[in-house]
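Chain identifiers are assigned alphabetically (A, B, ...) following the order of the sequence lines, protein sequences preceding nucleic acid strands; residue numbering begins at 1 within each chain.
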Amino acid sequence: VERVVLEFVRLLRRHRVPVSPAEGLDALAALQRTGLGDREVVRAALRATLIKRGEDGAAFDRLFELYFGLGDEARPRPDRPPPHVHHNGASPTELRFGEDLEGDPLGEEGHSHDDPSPIDLRRFLEEDELRPGSDLHGEPERLRLSVFGSQLMLSRSQDALEQAMKRMTHQIRVRRARSFSPGSVAPESGAEQLPVDLTDSEFADLVEELRAAGVDEALVQAITAGADDILAALPGLLRSLMERQARMRAAAAREAPAASLSLQRMLERSPGDQRELELAIRRLGRRLHGARTRRMRRARTGRVDVARTLRANLGYEGVPFEPVLRRRRDQRPRLVVLLDVSLSTRNLARFWLQLVFELQSHFSRVRTFAFVADLVEITPLLEAQGLAGGVETLFAGDLIDVDENSDFGRAAEQMRTGHLGAITRRTTVVVLGDGRNNGRPPNVGALEEIARHARRVLWMTPEPRWGWQLGSCDMARYEPACDAVEVVRTAADLGAFAERVLAAGSVAR
Amino acid sequence: VSDTAGVAFAGIDDVRSRLAEQEYLCDRRVATVVFLATAIGKPVLVEGPAGVGKTELAKAVAAALDRKLIRLQCYEGLDESKALYEWEYAKQLLYTQVLREKIGELIGPARDLRAAAAALRDQEDIFFSDAFLVERPILQAIRAEKPPVLLLDEIDRADEEFEAFLLEFLSDYQVSIPEIGTVTATHTPLVVLTSNRSRELSEATKRRCLHLQLEYPGAELELEIVRLKAPGAGEALARDLVATIQRIRGLDLRKAPSVGETLDWAQALVVLGARSLSRELIEETLSVVIKYDGDAAKVRQALAADGEPAGHAHPHSHSH
């Protein structure tokens, strides 16, 4: 049981599902009570103990199927009711087949190559190598062990080894027989019956080859020592590999979580995916939300807190000598958003607006300005037409010429002369843009003056730092005037940035 | 952990049957989590939309275990003095007043000021003793004679500070009261937290709890619930009703009908003497389940598009 839980927890972590050690222990305690007999019970128990966020549920279900479901669909056997889990406890070899789907986390490469344990093999089946498009898929007739090779290379990173491996992958080929296809696999009992003809001698050749190439002796030892295991396990591994590949292919489409995808790419995807991203942003908003604190704090002025006053004045026989006063505190920041809506940052602007919308209750006042070259306040527009309508109108170009080249200098100047009143000591200014002035004067002075009036200026750019040197980008010049400049490329980045804006509000009282 | 002796759940199926006795029907998943919560002594965090029976679950578990249910409704601004304990200031004050008169007798023939102060010091703890302590739900749960079920309802409405304050209690079943010290639970209470997810709870809270996501029941389970709780409704009516409700939940509504509202609707139809559900009848009684105009319009539209009430299209309508 320990092993099952431990490995499953690792598997979850690799798929970015956060699981704390304490939760792992809970899962262990839970499974010890429920036993492994009933698959659905195991699922419910693991889910209750390990999965705490709704959005991780899908990942959990998928991984649970992969981990505890191997081979079950391929070979339905009524005589052994819930096979997989018992399976894991049965014999070491079977255990390996059942569990090596996902392999060890990449992170702990270091240790296990030095011990010749058969589990080593598992790392040759890292998920990434198994994705559709690897040569396994491209060359159906020959199942090459290049995964194996590249793993070895990764862990030792020696040129010599690389050379050897390159040759080797051509030498060792496991030929697929005609009948070998993911759907109809050979009977479970006869791993040997699988049409895989990697023989002992070929294996010896491989070892020789490695040695000749000057590979570190310990590694060769390790491989030799594990030879029997490797050979024995190979057919099973291949089989599970094939099955998994079929499944991976099906799953590949819905793989990537929206939050980690690049926003740019996200927009090119179908409306359904965009909806997913919107959902992700909404979730993000909810997470940042928190309940606004309505607690009363002690203050020098405010209402009398009867209980505390009595308490504090017990020493004076309850005569309220020292009244305790308290007052509600509103410490929400004000927000001024400056959006560059030129083509290059439009998408990001759209998402940022949406996030601000979600988080509105956190700010006591939000004012939004849009600019390309000329600056215009769009707060009333958004109020009148809502988010979607307002964005539509804006991008249609009725308010400002959106096809202009962006000119930050001019926009900053207009902000300074026209709307400086919007910025107070409680205001956080968020600028969104790539800082490309197309050769016009950057006018850093205007931004500096804005920064002097504001509590904070945060700049968000979709362009990575190395890009600032290229072309007519003035980002590097603007940076000193800002409290922070953040590169935002994914929805997750956007969330981190939003968190930062909120923090900016609560730090200074 | 063994303090549940006598009435503890024996297993997952036992949980199900005993909850069913309390007229609470649930699937194995829910039963598993409830069983684990009692078996390993962890709080349960139940999340889900409004009206799926989160609070009911806690009540049913308490009844099934024959334990006292202590309920704390959370709200914005809830703090320790409402959730944990408070000193009874008025009583303390009254006692000081009374004592002032008796103080001479109590201290007795003290030789000097120092002795008097010492004598007084021996007594002073009484002001911060149990006699002046008002127990609020959490302290009640900790100091209860028999292990209770503590329901922290709608924890998402409380402040984050309150959530942080709960952490000590959730992990160790103990609380620290400055004047008295740390109070540890004599019997592990079964703690159930519910949340509508109006905001995301902190990771720390979630980590300490078993997590149960409750969704609206599937058609079969809901049908069983209707049969159980609204026995007056005929079989055909119950099927029509559940099918229609399930269809309505599938729409994008501002507020989907809860299980409670399904039952209300069933009762209403029983009172009206309906045998099955017709378009007109839905039209007339829709207000029982749909509480917003916009939603009602959507539902009418969708049901009109279906042509018939969803129940009639159901292949199993008359197979029973």
Side-chain angles (χ1 to χ4, degrees), chain A residues 18-23 25-35 37-57 60 283-296 305-319 328 361, chain B residues 1 11-13 27-42 44-45 47-48 74-79 81 86-90 92-94 96-97 100 127 155-163 171 197-213:
Chain A
V19 179
S20 73
E23 286 165 334
L25 287 177
D26 288 347
L28 187 58
L31 286 194
Q32 277 163 352
R33 314 262 161 173
T34 61
D38 185 332
R39 186 177 142 102
E40 284 314 307
V41 168
V42 171
R43 182 200 288 268
L46 287 177
R47 193 175 174 127
T49 46
L50 299 175
I51 301 300
K52 306 292 165 80
R53 298 187 308 181
E55 55 264 40
D56 291 335
F60 172 82
R283 274 201 301 264
L284 202 79
R286 224 169 31 198
R287 202 176 69 223
L288 294 176
H289 247 299
R292 196 158 74 76
T293 188
R294 296 295 299 265
R295 275 184 159 181
M296 308 287 242
D305 181 333
V306 178
R308 292 218 176 102
T309 303
L310 275 179
R311 183 77 193 286
N313 290 289
L314 270 182
Y316 311 118
E317 292 181 15
V319 178
R328 234 167 233 164
S361 66
Chain B
V1 191
I12 293 158
D13 293 318
D27 54 18
R28 271 181 83 79
R29 195 174 60 88
V30 175
T32 306
V33 177
V34 170
F35 170 67
L36 286 176
T38 53
I40 62 179
K42 282 237 148 200
V44 193
L45 170 63
E47 284 190 316
C74 298
Y75 53 87
E76 241 182 78
L78 177 69
D79 59 9
S81 64
E86 193 163 28
W87 295 107
E88 235 176 307
Y89 303 109
Q92 281 175 334
L93 205 60
L94 190 67
T96 20
Q97 305 268 352
R100 191 168 49 170
F127 278 100
I155 181 77
D156 52 330
R157 286 174 189 249
D159 307 317
E160 277 174 347
E161 283 98 332
F162 181 71
E163 225 184 297
S171 52
R197 297 197 82 178
S198 68
R199 74 181 169 94
E200 205 71 10
L201 299 180
S202 76
E203 298 283 317
T205 310
K206 289 183 169 184
R207 204 163 52 231
R208 286 168 172 77
C209 302
L210 300 177
H211 188 260
L212 177 61
Q213 180 76 35

Point to revise | Atom pair CZ/CD of B:Arg207 and A:Glu23 - distance to nearest 0.5 Å | key: 7.0 Å

Check your understanding: Just how far is it from atom CG of B:Asp27 to atom CD of A:Glu40, taken to the nearest 0.5 Å?
Key -> 10.0 Å

Check your understanding: Looking only at heavy atoms, which two atoms of A:Arg33 and B:Ala39 are closest? And how far apart?
Key -> NH1-O, 3.3 Å

Review point. By a 4.5 Å heavy-atom criterion (distance strictly below it), what part of B:Lys206 contacts chain A: side chain, backbone, both, or neither?
Key: both

**Study point:** Separation of A:Arg43 CZ from B:Arg29 CZ (nearest 0.5 Å)
**Key:** 10.0 Å

Practice item. Identify the heavy atoms of B:Thr32 and A:Ala45 that sit nearest to each other, and give their distance. Key: CG2-N, 4.1 Å

Check your understanding: side chain to side chain contact (heavy atoms under 4.5 Å, CB included) with B:Ser171: which residues, sequence neighbours excluded?
Key -> B:Arg208

Check your understanding: Is a donor on one side and an acceptor on the other found under 3.5 Å between the side chain of A:Lys52 and the backbone of B:Leu210?
Key -> no

Check your understanding: If you take all heavy atoms of A:Ala29 and B:Ile40, which pair is closest and at what distance?
Key -> CB-CG2, 3.9 Å

Check your understanding: Run the side-chain contact (heavy atoms from CB on, under 4.5 Å) check on B:Arg28 and A:Asp38 step by step: do they pass?
Key -> CA-CA 11 Å; B:Arg28 271 181 83 79; A:Asp38 185 332; 3.2 Å; yes

Check your understanding: Top residue by heavy-atom pair count (under 4.5 Å) with chain B, among A:Gly57, A:Ala48, A:Ala30?
Key -> A:Ala48

Review point. Looking at B:Val33 and A:Ala44, what are the two nearest heavy atoms and their distance?
Key: CG2-O, 4.4 Å

Practice item. Search all heavy atoms of A:Asp26 against all heavy atoms of B:Lys42 and return the closest pair with its distance. Key: OD2-NZ, 2.9 Å

